Peer 1: 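There's a structure below that I have some questions on.
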Amino acid sequence: MNTELLNEISEKLQRGKAKDVSALVNQALEEGIAPDVILNDALVVGMNIVGEKFRSNEVFVPEVLVAARAMNAGLKILNPVLADAGVEPIGTAVICTVKGDMHDIGKNLVRMMIEGQGIKCVDLGVDAAPEAVVAAVKENNAQLVCLSALLTTTMGGQRDVIEALCEAGIRDTVRVMVGGAPVTKEWADDIGADCYTLDAASAAKEAKRLILEMKKG
Amino acid sequence: MKLTASERFRRYLAGEEVDRMPVIEWAPWWNLTVERWKSDGLPAEHAGYEALQAYFGLDKCLQTSVSCKTAQTPAPPGHGLGIMEEEDDYDNTVRPTLFPAYETMFPAGFFDALQASRDRGDTIRFFTVEGFFWYPRTLFGIENHLYSFYDYPELYKRICNEYADWLVGLFHYVFSRFRFDFMSFAEDMSYNNGPMISRAAFDEFLAPFYRKVIPVIHEYGVPVFIDSDGDITLAVDWYADVGADGMFPLERQAGVDVSLYLDKQPDMAFIGHFDKMCMKFGADAIRAEFERILPSMQRGKVIASVDHQTPPDVPLDTYRDYVALLREYAEMATHKDTEISACPVYR
Ligand code: B12
């Protein structure tokens, strides 16, 4: 297999070169490389490297955004091919910033990184009510809920969502991950969330782990 | 030693002896917090920005904020969105509405009134404009701004360059009429894990414009502070390099430790750093937090103050305890017999 080409796709993705990524993904498909191999060994690998570098302040928010855009350019070509080949996304996550909170830069980065793992994300945006999360989980058969909160005054909204999931009788069908500047591991444990991470790269890794765990049952 | 609020502030930043540290709040209070305090018994007539400072017995510290946008400038269509969709929008719909003539920006008698309050000696005045990270963000929108470093680098620089030219004129106009005690650039370019942009991006997109305007502000003896939340441990050096005199609010939750900044940037002054998150735990926790900052207050130009707005989980009585302790600790930071360097503006 043409590992050089896969590496090149990953390189271009890391540098945010969306057009190059599109062209190279097309080329890889023409060369007969399987779509899931392109996804996992080029796009996901590239996005993981970007996530790690972001965590260690080697690259910053704009670099992550343009890399994610390049990833999406690749996915746009790959997704139909993956679907035709019967390759399903690893799972589905519902993500939002909780009620009363308008901060979304972090939430968007987390979404992009999670998508970068081949997970489908349903993004409810900012200021999302617990009922909206419950409805989206049901509608999309999601395995994961990701809740962002940047304010001490809105963190309680993460608990409200967990309570709403319990009340709707679907708490056991999903894993709940929380994050945002004021959020801590203690808070996550306190409100009965399943996972907390400090940054988007770790969030993506944990998302994959939680979904696979969930699917195993 | 009897000092006016303004003299005390200047001496503190110049590394000279003072009677005590200035006792200030730089930000207006969070509306949710004020609402809460009203239900705790704060009389409504004291709830305004200026009235509250007097009510709590703080040194008055009042902000004059101006923008290069006008009533004609398009409003963002939604939260966080920009006012330009296409590159051409800057020239076609935005730029013609920017950069008002300076004479039209201030009401008659404005500077005389400021001078009169300076002569009474009771008020610190600061002047605020948007910085070279924040300002383009208001035009591009929050997310597009972050893409713009890659998508529209030339437009970004042109936007900042034209703004810097307008600011140079503004600073001459304003500071020749009244010497504000300090000025601040609103930036908010950091978050819990550090700056949102790289040093390379800072050097290319922000630094040239700061280098253009800061010397003009310094000509008038006005110290320049950069206002950025989040962890500014890297950014503090970047802003030092372009000539800034200080930064605030040094957010504790984001992991800032001002004592390290005093080591690496001893010429700079720092306002804030008091962990707003500890206030809800009451007077003992507040005292412990002042004990943490006190050594830095004593060996550098640190003006302890809430590190951004007091959150609504702090009862009115607890905030009163905070102010009482702030006054108590302020007395311990006189810089008597202490060798402290002056901010760059005073050199
Ligand atoms: C930019 C900003 C704003 C922008 C938001 C723009 C936008 N569209 O997002 C604006 C100017 C609008 C704003 C408004 C306000 N803000 Co603000 N804001 C910030 C600032 C400076 C940076 C936030 C940010 O964008 N970070 C960048 C991203 C990349 O980081 P992040 O969000 O933390 O996300 C990372 C991790 O946390 C994690 N993560 C995030 N979400 C999730 C979710 C999951 C599931 C996981 C696993 C991980 C995870 O991964 C991300 C990437 O690694 C912070 C300061 C700070 N220390 O964070 C203040 C801050 C959050 N704001 C604050 C305040 C007070 C406000 C206002 C109330 C101010 C006011 N009085 O009006 C309003 C509130 C508006 C509202 N209702 O939401 C305070 C909150 C204090 C408190 N008591 O909680 C802060 C901490 C500032 C401070 N110094 O105190 N703000």
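Given the structure is predicted, the values throughout are model-derived calculations rather than measurements. Chain A is the first sequence line, chain B the second, and so forth, proteins listed ahead of strands; every chain is numbered from 1.
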Peer 1: Counting heavy-atom pairs closer than 4.5 Å to chain A, which one of B:Ser148, B:Pro195, B:Gly80 comes out on top?
Peer 2: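 Max contact count across the listed options: B:Pro195.
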Peer 1: Is chain B contacted by the side chain of A:Arg69, its backbone, both, or neither, given a heavy-atom distance below 4.5 Å?
Peer 2: side chain
Peer 1: So for B:Ile197, is it side chain, backbone, both, or neither that comes closer than 4.5 Å to the heavy atoms of chain A?
Peer 2: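 When you check distances to chain A, atoms from both the backbone and side chain of B:Ile197 fall under 4.5 Å.
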Peer 1: If you count heavy atoms of other groups shown closer than 6.0 angstrom to NZ of A:Lys76, is the number above 12?
Peer 2: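 At most 12 heavy atoms, drawn from other residues, nucleotides or ligands, come within 6.0 Å of this atom.
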Peer 1: Drop me the distance from B:Met196's CE to A:Leu109's CG, to the nearest 0.5 angstrom.
Peer 2: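 Output value for this atom pair is 9.5 Å.
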Peer 1: Mind running side chain to side chain contact (heavy atoms under 4.5 Å, CB included) on A:Glu63 and B:Tyr150 for me, showing each step along the way?
Peer 2: CA-CA 9 Å; A:Glu63 288 74 28; B:Tyr150 284 90; 2.7 Å; yes
Peer 1: Heavy-atom count around B:Lys157 NZ within 6.0 Å, excluding the residue itself: above 12?
Peer 2: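 Enclosed.
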Peer 1: Which answer fits A:Ile105, side chain, backbone, both or neither, if we ask what part of it has an atom under 4.5 Å from a heavy atom of chain B?
Peer 2: side chain
Peer 1: Parallel, tilted or perpendicular: which one describes the rings of B:Trp238 and A:Phe60, with boundaries at 30° and 60°?
Peer 2: perpendicular
Peer 1: Pick whichever of A:Gly106, A:Gly16, A:Pro182 has the most heavy-atom pairs under 4.5 Å with chain B.
Peer 2: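 Ranked by heavy-atom pairs under 4.5 Å with chain B, first place is A:Pro182.
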Peer 1: Within the supplied structure, the quantity of interest is the number of heavy atoms (other residues, nucleotides, ligands) at a distance under 6.0 Å from A:Lys17 NZ; does it exceed 12?
Peer 2: no
Peer 1: Tell me, side chain or backbone of A:Asp199 under 4.5 Å from chain B's heavy atoms, or both, or neither?
Peer 2: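 Contact with chain B is absent: no heavy atom of A:Asp199 under 4.5 Å.
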Peer 1: Decide if atom CG of B:Asp263 counts as having more than 12 heavy atoms of other residues, nucleotides or ligands within a radius under 6.0 Å.
Peer 2: yes
Peer 1: Could you state the interatomic distance from NE2 (B:His145) to CG (A:Leu65), rounded to the nearest 0.5 Å?
Peer 2: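 B:His145 NE2 to A:Leu65 CG: 11.5 Å, rounded to 0.5 Å.
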Peer 1: Would you check if the side chain of B:Asn193 reaches a backbone N or O of A:Asn57 as a donor-acceptor pair within less than 3.5 Å?
Peer 2: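 No: the side chain of B:Asn193 does not pair with the backbone of A:Asn57.
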Peer 1: Decide if atom CD of B:Glu85 counts as having more than 12 heavy atoms of other residues, nucleotides or ligands within a radius under 6.0 Å.
Peer 2: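 It does not: B:Glu85 CD has 12 such atoms or fewer within range.
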Peer 1: What distance separates A:Leu151 CG from B:Trp30 CH2, expressed to the nearest 0.5 Å?
Peer 2: 5.0 Å
Peer 1: Measuring from atom CZ of B:Arg36 to atom OG1 of A:Thr153, what distance do you get when rounded to the nearest 0.5 angstrom?
Peer 2: 13.0 Å
